[in-house]
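Just below is one structure, and these are the notes that go with it.
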Amino acid sequence: MGTSNHLIGFLNFVSFLLAVPIIGGGVWLSSRANTTDCMKFLQWPLILIGGAVMVVSLAGIAGACYRNNFLMYLYLWVMFFVIVALLGFVIFAYSVTERGSGRPVMNRVYLDYSLQDYSGWLADRVSTPKYWTKISSCIRDSHVCRNLHRNVGGLPESADSFYLRKLTSIESGCCKPPTSCGLTYMNETFWTSDEGVSGTDLDCARWSNDQQQLCYRCGSCKAGVLGSLKKSWRRVSIINIVILIILVLVYVVALAAFRHNKQLENDEPHGETRMEKARPASIIF
């Protein structure tokens with residue numbers, strides 16, 4: 001029975017360590033929500049899941065050390081629901097970011113973004129005026145478009161050089177007009193047209209050379225935010241999938257070891273079992 005307790009304790013220590021990257025993913029999403037993606041939603045559920053894994057793992061370690069069946073039952077039940085919650089997070093993150101991507105543009109390295117390419121719950125949430133007012137204000141305050149400017153030899157970047165840049169989805173969608181508008185490049189955030197507004201895209205009329213407006217009202221800007229969220233959420237989800245697989249394996253082995261302990265207890269003389277329970281077991285990692 002001692003070997004099984006050592007194994008259970010070790011597995012709980014492993015699950016405790018696995019909570020660190022889960023919380024780290026939530027903290028990373030939180031930092032991007034304040035500076036890049038400008039949308040706070042998934043980071044707190046992820047941090048709470050990671051915190052729950054830590055607390056439950058500590059309960060499992062204590063249960064293995066003192067052969068406390070109540071703590072072991074608590075660990076097994078709560079960890080089951082934590083695994084289900086993490087699985088739900090991964091499924092949700094992939095389902096709401098399934099649709100939409102940037103559009104290749106001829107003679108351009110960067111991609112263009114259109115809100116028409118995105119649909120579903122996340123697109124509806126981002127497009128809601130209540131949320132978009134906060135998101136667009138966050139993008140403006142982050143100075144992402146101002147930081148887009150480059151000087152080459154003391155002169156503004158040329159159009160040919162700009163067309164070869166690999167812009168982020170927010171830089172492409174919010175800081176410049178859609179390529180289909182046919183505007184002439186003057187600098188990264190200033191575009192002109194000798195014939196007035198051209199192109200059939202509604203964003204062409206929404207574009208403004210006012211540095212406080214630019215394309216923050218455009219559907220392309222909303223699409224750029226969605227593209228950035230998709231990239232961030234899927235990066236975190238890939239890490240969580242790996243952690244989820246390890247957690248499931250740890251849980252299955254811990255459950256088997258706990259059942260083995262219960263079987264040994266049922267086979268042991270009553271007096272011997274009580275004496276063993278009176279002494280905490282040492283856990284060797």
Side chains of [X] and [Y] in contact at under 4.5 Å (non-hydrogen atoms):
X: Y163; Y: Y110; answer: yes
X: R234; Y: T97; answer: yes
X: S220; Y: C215; answer: yes
X: T192; Y: L183; answer: no
X: L76; Y: Y251; answer: yes
X: H149; Y: T189; answer: yes
X: F162; Y: E188; answer: yes
X: C38; Y: V225; answer: no

Would you say the side-chain atoms of [X] pair up with the backbone N or O of [Y], donor to acceptor, closer than 3.5 Å?
X: K166; Y: V109; result: no
X: S137; Y: T133; result: no
X: Q213; Y: Q211; result: no
X: S95; Y: I91; result: yes

Could you go step by step and tell me if Y216 and W207 meet the ring pair (Phe, Tyr, Trp, His ring centres under 6.0 Å) rule? CA-CA 8 Å; Y216 297 136; W207 165 259; 9.0 Å; no
For [X] and [Y], work out which heavy atoms get closest and say how close.
X: S57; Y: M79; result: OG-CE, 4.0 Å
X: S169; Y: G227; result: OG-C, 3.7 Å
X: G102; Y: P104; result: O-CD, 3.8 Å
X: D203; Y: R206; result: OD1-NH1, 2.7 Å
X: A52; Y: V82; result: CB-CG2, 3.9 Å
X: L29; Y: W233; result: CD2-CD1, 3.8 Å

From the options L115, V96, I170, D117, select the one residue that forms a side-chain contact (heavy atoms from CB on, under 4.5 Å) with L226.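 The option that passes is L115.
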Is the ring pair F80/W77 parallel, tilted or perpendicular, if the boundaries are 30 and 60 degrees?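 Answer is perpendicular, since the angle exceeds 60°.
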Interatomic distance, [X] atom [atom1] to [Y] atom [atom2] [nearest 0.5 angstrom]:
X: M54; Y: N12; atom1: CE; atom2: CG; result: 13.5 Å
X: R103; Y: R108; atom1: CZ; atom2: CZ; result: 15.5 Å
X: S237; Y: F92; atom1: OG; atom2: CZ; result: 10.5 Å
X: L17; Y: I243; atom1: CG; atom2: CD1; result: 11.0 Å
X: C175; Y: L167; atom1: SG; atom2: CG; result: 8.0 Å
X: L111; Y: Y113; atom1: CG; atom2: OH; result: 4.5 Å

Do [X] and [Y] belong to the same hydrophobic cluster, where Ile, Leu, Val, Met, Phe, Trp and Tyr are linked whenever their side-chain heavy atoms lie under 4.5 Å apart, directly or via other members?
X: M72; Y: I83; answer: yes
X: L155; Y: W191; answer: no
X: L74; Y: L48; answer: no
X: Y94; Y: L122; answer: yes

List the steps and the verdict of side-chain contact (heavy atoms from CB on, under 4.5 Å) for F16 and L58. CA-CA 7 Å; F16 179 86; L58 290 175; 4.0 Å; yes
Set of residues satisfying side chain to side chain donor-acceptor pair (under 3.5 Å) with respect to S208, sequence neighbours excluded: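 Counting only residues at least two positions away or on another chain, S208 forms no side chain to side chain donor-acceptor pair (under 3.5 Å).
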Salt bridge (charged side-chain N to carboxylate O under 4.0 Å, His left out): pairs with one or both residues in residues 150-164, sequence neighbours excluded: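 Listed once each, the pairs are E157-R165.
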Is a donor from one side chain sitting under 3.5 angstrom from an acceptor on the other, for T179 and D112?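 Yes, because at least one side-chain N or O of T179 sits under 3.5 Å from a partner of the opposite role on D112.
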Regarding R125 and Y131, do their side chains bring together a donor and an acceptor under 3.5 Å, going by distance alone?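 Yes, because at least one side-chain N or O of R125 sits under 3.5 Å from a partner of the opposite role on Y131.
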